[in-house]
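Below you'll find the structure, written out as structure tokens, and then a few comments.
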Amino acid sequence: MRKIWAVFIAAVMALTFFGCTKDGGNYDADIIADALNSELQFGEELEKSTQEAAYSIYGVDSSLCTKAAFYAGSSATADEIAVFNCVDDSARQTVADAVQARIDYLREGYGSYGPDQVPKIDSASVITKGNTVIICICENSDAVQGVIDSASNK
């Protein structure tokens, strides 16, 4: 009987330990997007938009994600934040491809009428963890990972 209890307690402890990772090791889209928006430097104030806007702008089928968060400014700057919590590895790859297509689209568009934005687009932070895909185009892209790490540990 003691062995059964020992195995049971060990199993509960293991589930508790592994169950503590946020969303299976993924980042929470809203928490990360909010932290990036509040802690990084942007050329203008970004406004939070809907998940549907994120899916539409990035050309992502909403069935590929459980959640998305999106911030953007006016078209005066290329600054934006998008975080997608994808349903699986295949969806993550599809969303990552869509993010790269968005970067290419922005580079082409701003290359014509806002060339000062192109270096910022070229240094965009694209980060994946688990099935989460994050893109952040901002003034200080070198600080993005630190903000994400700090926000995900709260």
Side-chain angles (χ1 to χ4, degrees), residues 15-154:
L15 288 173
T16 301
F17 175 74
F18 291 112
C20 289
T21 59
K22 296 176 177 71
D23 194 19
N26 296 318
Y27 296 119
D28 180 277
D30 290 321
I31 291 171
I32 297 302
D34 293 348
L36 291 170
N37 183 56
S38 67
E39 296 182 34
L40 295 174
Q41 298 171 357
F42 298 93
E44 64 180 321
E45 186 174 336
L46 302 184
E47 295 291 325
K48 190 166 190 172
S49 194
T50 64
Q51 298 189 101
E52 292 75 21
Y55 299 140
S56 176
I57 288 170
Y58 280 82
V60 170
D61 185 325
S62 63
S63 69
L64 298 176
C65 301
T66 58
K67 185 191 283 189
F70 181 61
Y71 280 87
S74 69
S75 60
T77 69
D79 298 343
E80 65 185 46
I81 300 163
V83 183
F84 298 93
N85 293 135
C86 305
V87 296
D88 59 24
D89 288 342
S90 176
R92 179 191 39 79
Q93 186 56 55
T94 300
V95 171
D97 292 344
V99 165
Q100 186 56 54
R102 174 76 175 158
I103 291 170
D104 295 342
Y105 171 80
L106 290 171
R107 184 181 300 113
E108 183 178 324
Y110 280 97
S112 299
Y113 76 92
D116 60 315
Q117 295 296 305
V118 173
K120 191 179 347 181
I121 295 165
D122 288 340
S123 65
S125 292
V126 179
I127 297 167
T128 60
K129 180 177 181 187
N131 288 329
T132 301
V133 179
I134 302 165
I135 178 174
C136 183
I137 303 172
C138 63
E139 302 287 334
N140 53 335
S141 62
D142 56 328
V144 170
Q145 186 64 57
V147 171
I148 292 169
D149 291 345
S150 176
S152 65
N153 290 326
K154 291 182 180 177

Are the side chains of [Y] and [X] in contact, using a 4.5 Å heavy-atom criterion?
{"X": "Val118", "Y": "Arg107", "answer": "yes"}
{"X": "Ile134", "Y": "Lys129", "answer": "no"}
{"X": "Gln100", "Y": "Val126", "answer": "no"}

Give, for atom [atom1] of [X] and atom [atom2] of [Y], the distance between the pair rounded to the nearest 0.5 Å.
{"X": "Asp88", "Y": "Leu64", "atom1": "CG", "atom2": "CG", "answer": "8.0 Å"}
{"X": "Ile32", "Y": "Ser152", "atom1": "CD1", "atom2": "OG", "answer": "5.0 Å"}
{"X": "Tyr71", "Y": "Glu47", "atom1": "OH", "atom2": "CD", "answer": "9.0 Å"}
{"X": "Thr50", "Y": "Tyr55", "atom1": "OG1", "atom2": "OH", "answer": "9.5 Å"}

Enumerate, atom names and distances included, each donor-acceptor pair closer than 3.5 Å involving a side-chain atom of residues 142-150, sequence neighbours excluded.
unit_1	atom_1	unit_2	atom_2	d
Gln145	NE2	Asp149	OD1	2.7

Report summary line: For Ser75, the side chain to side chain contact (heavy atoms under 4.5 Å, CB included) test, sequence neighbours excluded, returns Tyr110, Tyr113

**Report entry** Counterpart residues, side chain to side chain contact (heavy atoms under 4.5 Å, CB included), relative to Asp116 (two or more places apart)
**Finding:** none

Does [X] reach the main-chain N or O of [Y] with its side chain, forming a donor-acceptor pair under 3.5 Å?
{"X": "Asn85", "Y": "Tyr27", "answer": "yes"}
{"X": "Ser56", "Y": "Glu52", "answer": "no"}
{"X": "Arg92", "Y": "Gly130", "answer": "yes"}
{"X": "Gln117", "Y": "Thr77", "answer": "no"}
{"X": "Ser141", "Y": "Ile137", "answer": "no"}

Report summary line: Exactly one of Thr132, Val60, Asn131 clears side-chain contact (heavy atoms from CB on, under 4.5 Å) with Cys86, and that residue is Asn131

If you compare all heavy atoms of [X] against all heavy atoms of [Y], which two are closest, and at what distance to 0.1 Å?
{"X": "Cys136", "Y": "Ile81", "value": "SG-CG1, 4.0 Å"}
{"X": "Asp30", "Y": "Ala69", "value": "OD1-CB, 3.6 Å"}
{"X": "Leu106", "Y": "Ala78", "value": "CD1-O, 4.5 Å"}
{"X": "Asp79", "Y": "Cys138", "value": "OD1-CA, 4.1 Å"}
{"X": "Ala151", "Y": "Ala35", "value": "CB-CB, 3.5 Å"}

Run the side chain to side chain donor-acceptor pair (under 3.5 Å) test against [X] and tell me which residues pass, sequence neighbours left out.
{"X": "Arg102", "value": "Glu80"}
{"X": "Gln93", "value": "Asp97"}
{"X": "Ser63", "value": "Asp61"}

Query raised in the report: Counting only heavy atoms not in Glu44, do more than 12 fall under 6.0 Å of its CD?
Result: yes

Query raised in the report: Do the two ring centres, one from Phe84 and one from Tyr58, sit under 6.0 Å apart?
Result: yes

